[in-house]
> 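Attaching a single structure in structure tokens format; questions to follow.
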Amino acid sequence: MSEDTLPISQRAAAAPPYLATLNPEQRAAVEALDGPVLVLAGAGTGKTRVLTTRLAHLLSTGRAKPWSVLAVTFTNKAAREMRERVEVLLGPGGGGLPWLGTFHSISARMLRTHAELVGLKNTFTILDTDDQIRLLKQIIEAENIDEKRWPARQLAGLLDSWKNRALTPDRVPKNEAFQFADGAGVKLYTLYQQRLKILNACDFGDLLMHMIDIFQRHADVLETYHKKLSHLLVDEYQDTNVAQYLWLRLLAQARKNLCVVGDDDQSIYGWRGAEVDNILRFEHDFPGAQVVRLERNYRSTGHILAAAAHLIAHNRGRLGKTLFTDDELGARVKVRGVWDGEAEARLVADDIEAWVSATLPLPLAGRGLGGEGRANAQTPDVSDRPSSPTPPPLGRRIYSDCAVLVRAAWQMRAFEERFLMLRIPYKVIGGPRFFERAEVRDAHAYLRLIRSEDDDLAFERVVNQPKRGVGEGTVQKLHAHAGKPQVRFVTDHGPLFDAETGEVVTAQDEAPGGATRFRSMVAAARELVLTDELPLKAKTALRAFLNDLDRWRELSRSVSHVELAETILDESGYTEMLRNDKSPQAQTRLENLKELVQSMGQYDTLEAYLEHVSLVLDIEAESEGENVQLSTLHAAKGLEWPLVFLPGWEEEVFPSKRSIEESGEKGLEEERRLAYVGITRARERAYISFAANRQIYGRWQTVLPSRFIDELPPANVDAISETGYAMQAGGVREAAARFDAYAPGAGFNSAYQSPGWRRAQENAGKRGKPPMLEGEARLIAKSGDEDSHYQRGDRIFHQKFGYGLIRAVEGNKLTVDFDKAGEKRVIDSFVIPASAA
DNA sequence: AGCCCTGTCCTTTTT
DNA sequence: GGACAGGGCT
């Protein structure tokens, strides 16, 4: 209802128009402006809408100023979306919102202003995981710990878990202190933190931990933020970890104007320290908190919602919500069994093709494409969905209506291959991030090294990239020399040389924090180059490299940072190296570098650019064209699609084996929440599938349907097989029995040929590959399976050696003549076309 | 130093 | 199927 439909007498008193589109619960959540508020928002109940409207309401009622609202999200994307939607409500003049961002970006900003309080300079670098691991590796090696037995990765995980709980080295509980390398854990942690200080760097966890430290030790600093920030808003509160909780509590404690929004059923980040407890405990932590439940779902049709609700009800210890929808029942959730991962990919691709070529019913009225927070049913107004700037005409089906959501990233490959073969456009959500690509990181390392010579990690990354003959041996020597304690930095400008002898002036010096300060790698190189300790070749190469660095640093004073980057990439031989690289990736890498140089132009200085890369910027051209969306379940949170495919519902895959092994019942419940998140992404159709055979670690394995399939409510599920793909006995008895329950009469090898299958053969032919065998079904016997029934004369297909003819069968061993190599091999793990007989 | 081959581990999920 | 380490060779 819009304002001008109201009687004139009521207009003056009428609420702002944005409130009129809310339902009573949403409105209650928006209008409770002060005091602690907990909004329990089930999937698809308009959570983001409430958050953004509340923020807009705070501003337009004058209760808060744009610069006094702290609004925290977990991802940059969510932050961006929130900002855009507030602007839609209030107009772009709405004003800046400087404190809207992720926990990490906001905290990084705060830390820049108070860095010296924790012994950092305000130019500190933020290390990414890669840097972090390499640093830890060095520390582990320096401590003479076997890095193979105690991998740096594991240590990184341990440190993370401590930092997630805001445990500085001195606060690590005694019983945990000995978890790594027979008791070296805390010692390594301490050394690592010292190294970080020397490098003037911090990692992701430090951003929050340092700020908590500062807030706790410096009441005056905390007070300035209490004065500055009048209202706090937190998205996805169920995903906060202890550190984030402490950070928030410290900031909120003075005014208590804290509003958190979340859903305990969607807590899926336990493994990175998220504490569902935070949301379960909110009322206790903030007495007098108002609690608003949002239970009316505007996203999914009835069957889908019911299936999800029934599944999640298997979890214990929930706050409990009863989601409901006034929407129609729609289609039941489809559960389908298939032969193997390839068949699954074929099936999904075929369904997608059928969808876009309009052989499936039209989308339901009023259901367009959109991001999260589809317009409330009472106002099916396209302008209400700012997240999709150009909504396609209703009723037109496009690839981006479809999403394939997998448990783990490796499961995407089968779908990518299939989509490529069929020329189905797809996009991987949150795929390899631009700034994590090797070439981009190399370029950054050069720039970091120009900015600051002390950046040892950057130095090591690029001394021999491109190859210039400075190998590992030389780097080792540099390390040894840099670590020699006779000589210390006396100043921040590097080691002092005696003007007469060229020798280094020695001195003992302690860096702040008690860490002994050694030379940087560059400084060590400068010294060693003057000696005879290096082989001539390495020495010359190193000297040339040092000269390059000096020249570029000089250059950086006179030219723009963009030009500088271009020069470096050119003169270092990096671009040339890529141009000479014949591999197919080299081209993309060159393009990435071009894009990098371009994106640098958006920043005024090199400093500004480098400060933003690690956290804020994600270059992912958000051009969500007409692509099928491929995503992990985790990355799919907050998104929605008309069609959602949920493949790989098999025991040990989903629920993941590790999750249960490591966290038992708790882990299983989190997996179940993940399943819940998956199903609730679907608006109109959810397709769950499981395979009987799957390649794991490149080995074929027989797998069982996921227990979650059994937990779905039969009334809302269609368990059928449309595939016609063969299910044959042998090695998969149990799976097959269960398959039969879901897919009665699936039949044997009916040589089903989908349109997609035919196209695949055509395309394969075009590319010069032999077309696949018609109606090929594959049986994979595990080695040691007494039921193998291959016979002499059968043609088989082997993963590694291709097609061949069985010459002899002895027990489980087959002797095969392979077409390609013309060789005879004994095989005990094989794949056979069922139609081979 | 650097390349290529072989064998050994793996793999959740991300700011 | 792929990352990575170690060995052997140029």
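Every chain is numbered from 1, with letters handed out A, B, ... down the list of sequences.
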> State which of B:dG2, B:dT15, B:dT13 makes the closest approach to the side chain of A:Arg272.
B:dT15

> Which nucleotide wins on minimum distance to the side chain of A:Pro535, given the candidates B:dT13, C:dG1, B:dA1?
B:dA1

> Before accepting this row, confirm whether a basic side-chain N of the pair A:Arg707/A:Glu651 lies closer than 4.0 Å to the acidic partner's carboxylate O.
yes

> Applying a 4.0 Å non-hydrogen cut-off, can you work out what A:Lys467 is touching in the nucleic acid: base, sugar-phosphate, or nothing?
sugar-phosphate

> Could you please spell out the steps behind the salt bridge (Lys or Arg N to Asp or Glu O under 4.0 Å) verdict for A:Arg272 and A:Asp239?
CA-CA 9 Å; A:Arg272 68 171 194 208; A:Asp239 288 334; 5.5 Å; no

> Under 3.5 Å, which protein N or O atoms sit close to an N or O of nucleotides 3-10 of chain C? Give each pair with its distance.
none

> Please state whether the phosphate of B:dT13, meaning OP1 or OP2, lies under 4.0 angstrom from any side-chain nitrogen or oxygen of A:Ser659.
no

> Answer yes or no for this row: A:Phe74 ring on B:dT15 base, centroids under 5.5 Å, planes under 30°.
no

> Can you work out whether A:Ser656 or A:Gly473 has the more 5'-proximal nearest nucleotide on DNA chain B?
A:Gly473

> Under the 6.0 Å and 45° cation-pi test, does A:Arg672 pair with A:Phe708?
no

> Please determine, for the side chain of A:Tyr269, which listed nucleotide (B:dT14, B:dT11, B:dT15) has the closest atom?
B:dT14

> Return whichever of A:Glu670 or A:Arg468 has its heavy-atom-nearest nucleotide of DNA chain B closer to the 5' end.
A:Arg468

> If we take the C1' atom in both B:dT11 and C:dG6, what is their distance in whole Å?
23 Å

> Does a nitrogen or oxygen in the side chain of A:Asn464 sit under 4.0 Å from OP1 or OP2 of B:dG2?
yes

> Counting heavy atoms from C-beta on, name the nucleotide in C:dG1, B:dT15, B:dT13 closest to the side chain of A:Thr102.
B:dT15

> How long is the gap from CD on A:Glu652 to CD on A:Glu661, to the nearest 0.5 Å?
8.0 Å

> Of all the choices, B:dT15, B:dT11, B:dT13, which nucleotide is nearest to the side chain of A:His104 once you look at every atom?
B:dT15

> Decide, yes or no, whether a salt bridge links A:Arg318 with A:Asp265 under the criterion of side-chain N to carboxylate O below 4.0 Å.
yes

> Hey, does the side chain of A:Thr474 come within less than 4.0 Å of B:dA1's phosphate (OP1/OP2), counting only N and O?
yes

> Salt bridge or not between A:Asp131 and A:Arg134? Use side-chain N to carboxylate O under 4.0 Å.
yes

> Nearest to the side chain of A:Ala409, which nucleotide is it out of B:dT15, B:dT13, C:dG1?
B:dT13

